[in-house]
Amino acid sequence: MTTSMTDEMMRVQIANARAYTLVILHPTAKRQDPGADQVVWEHGRRNLELRRDRRLSIVCPVRDGSNVCGIYVFPGTPEETGVIMDDDPGVKAGVFTYEVHACRGFPGDHLP
């Protein structure tokens, strides 16, 4: 039996929330250019390196044909995240653009 979430339990959880940065990645028309797949490959390599180095918490590629091709959660500030994203191979090549959003989350959250 699951215990109901009381107001006090909610207050404790909310007090433990911390700042993160959410990035939404968008493809550009250059995503269809010859050579773009290699740029995307290097973009993916960099994402995995950032994860390994704990500079990127969550990477979610989106492959549904929409104008969103990835969602990320970074542990840094929006300013720090913008610097990281500006150095992304896909962004530098004009294959991707991105949005940055300050958000809050709960440390320890993870994908099952």
Side-chain angles (χ1 to χ4, degrees):
M1 179 180 228
T2 304
T3 305
S4 293
M5 179 67 62
T6 66
D7 289 350
E8 184 55 32
M9 293 165 83
M10 288 179 60
R11 285 185 193 92
V12 169
Q13 291 290 318
I14 292 168
N16 287 323
R18 66 178 244 207
Y20 292 93
T21 300
L22 175 71
V23 171
I24 303 171
L25 194 69
H26 301 280
T28 69
K30 288 187 175 187
R31 177 63 186 93
Q32 302 305 315
D33 287 356
D37 286 344
Q38 185 59 41
V39 172
V40 172
W41 183 258
E42 294 308 318
H43 156 82
R45 180 188 318 276
R46 185 166 181 272
N47 285 343
L48 295 176
E49 290 170 350
L50 290 169
R51 277 185 63 241
R52 178 196 64 206
D53 298 342
R54 296 184 174 211
R55 296 177 63 206
L56 174 56
S57 300
I58 295 178
V59 178
C60 294
V62 176
R63 295 188 175 135
D64 62 0
S66 71
N67 74 337
V68 173
C69 55
I71 297 174
Y72 308 109
V73 177
F74 285 86
T77 66
E79 295 76 21
E80 293 165 338
T81 299
V83 170
I84 291 169
M85 290 304 300
D86 285 344
D87 198 39
D88 179 271
V91 171
K92 287 168 65 172
V95 172
F96 300 123
T97 61
Y98 66 92
E99 301 174 42
V100 174
H101 300 274
C103 64
R104 297 193 57 78
F106 302 98
D109 277 359
H110 62 280
L111 301 173

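In this text the structure is predicted, and so the values were computed from the model without any measurement.
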I need the [X] [atom1] to [Y] [atom2] distance, nearest 0.5 Å.
{"X": "I58", "Y": "N47", "atom1": "CD1", "atom2": "CG", "result": "13.0 Å"}
{"X": "H26", "Y": "C69", "atom1": "NE2", "atom2": "SG", "result": "8.0 Å"}
{"X": "F96", "Y": "R31", "atom1": "CZ", "atom2": "CZ", "result": "6.0 Å"}
{"X": "I24", "Y": "N67", "atom1": "CD1", "atom2": "CG", "result": "9.5 Å"}
{"X": "N16", "Y": "R11", "atom1": "CG", "atom2": "CZ", "result": "14.0 Å"}

Heavy-atom closest pair, residues P75 and S57: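 Closest approach of P75 to S57: CD-OG, 3.6 Å.
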Quiz question: by atom type and distance under 3.5 Å, do the side chains of D88 and Y98 form a donor-acceptor pair?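 Not at all, the side chains of D88 and Y98 share no donor-acceptor pair under 3.5 Å.
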Main chain of [Y], side chain of [X]: is a donor-acceptor contact present, judged purely on distance under 3.5 Å?
{"X": "E80", "Y": "T77", "value": "yes"}
{"X": "H101", "Y": "L22", "value": "no"}
{"X": "H43", "Y": "W41", "value": "no"}
{"X": "T21", "Y": "G76", "value": "yes"}

Any chain of hydrophobic side-chain contacts (each under 4.5 Å) joining [X] to [Y]?
{"X": "V91", "Y": "Y72", "value": "yes"}
{"X": "L111", "Y": "F106", "value": "no"}
{"X": "V39", "Y": "L50", "value": "yes"}
{"X": "V100", "Y": "V59", "value": "yes"}
{"X": "Y20", "Y": "M85", "value": "no"}

Quick one: does [X]'s side chain get under 4.5 Å of [Y]'s, heavy atoms only?
{"X": "E99", "Y": "V23", "answer": "no"}
{"X": "I14", "Y": "R104", "answer": "no"}
{"X": "R46", "Y": "L56", "answer": "no"}
{"X": "S4", "Y": "M9", "answer": "no"}

Does CZ belonging to R54 count more than 12 external heavy atoms closer than 6.0 Å?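 At most 12 heavy atoms, drawn from other residues, nucleotides or ligands, come within 6.0 Å of this atom.
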Can you confirm whether more than 12 heavy atoms, excluding those of M10, are under 6.0 Å from its CE atom?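 Not more than 12 within 6.0 Å, no.
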Salt bridge (charged side-chain N to carboxylate O under 4.0 Å, His left out) assessment of E42 paired with R45: CA-CA 5 Å; E42 294 308 318; R45 180 188 318 276; 2.8 Å; yes
